[in-house]
Amino acid sequence: MEPLTIEDVHIQPGKLTLRVRTASHARRTSDHLARLVVRDFPDLPQHSCVNPKGPAFASVIADTSVPHLLEHLIIDLQVQEEPPESQATFAGHTMWLDEAEGIASVTVSFRSDACALRAMAYACSYLNDALAKGA
Ligand SMILES: [Zn+2]
């Protein structure tokens, strides 16, 4: 089993909802994984993020759920595909459906469904590579 599996994709107007299953060793981020993703996605720490520790994703990036990191990666990749003059903003939300089983629901907004699906596929394989290497 891959560390991260997208079991279901639900597309509504402007909104993508994923059902994500995480292996038991791939539920939480670590300092090592956080350093790796910030190296590859330098804007990630500045993402606005609703969390108990602060206004940005930086506050929790090294100690949050892997599905929450997936959410922010999908948003980051969508922002990268927007033209420079774009004022588009993207929002997301992640929650455990069954934390003991490692099943989470990840919702992200989009402007283009094709872009969102590309971002989803890339973010998932990126995280699977990183986690397989022991991040
Ligand atoms: Zn967040």
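Remember, it's 1-based here, ligands and their atoms both numbered in the order they're listed.
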Looking at [X] and [Y], would you say the former's side chain and the latter's main chain have a donor-acceptor pair under 3.5 Å?
{"X": "Asn51", "Y": "Gly54", "result": "yes"}
{"X": "Arg27", "Y": "Ala100", "result": "yes"}
{"X": "Thr29", "Y": "Ile61", "result": "yes"}

field: Neighbour count above 12 (heavy atom, 6.0 Å) for Gln87 CD
entry: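 Open: at most 12 neighbouring heavy atoms sit under 6.0 Å from CD of Gln87.
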query: Mind checking what makes ring-ring contact (aromatic ring centres under 6.0 Å, His included) contact with Phe41, not counting sequence neighbours?
result: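 For Phe41, the residues satisfying ring-ring contact (aromatic ring centres under 6.0 Å, His included) (neighbours in sequence not counted) are Tyr126.
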- prompt: What closest approach, in Å, do Arg21 and Ile103 show between heavy atoms, and which atom pair accounts for it?
  reply: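 Closest pair (atom of Arg21, atom of Ile103, distance): NH2-CD1, 3.5 Å.
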message: What count do you get for protein N, O or S atoms closer to the Zn ion (ligand 1) than 2.8 Å?
response: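 Considering protein N, O and S only, the Zn ion (ligand 1) has 3 within range.
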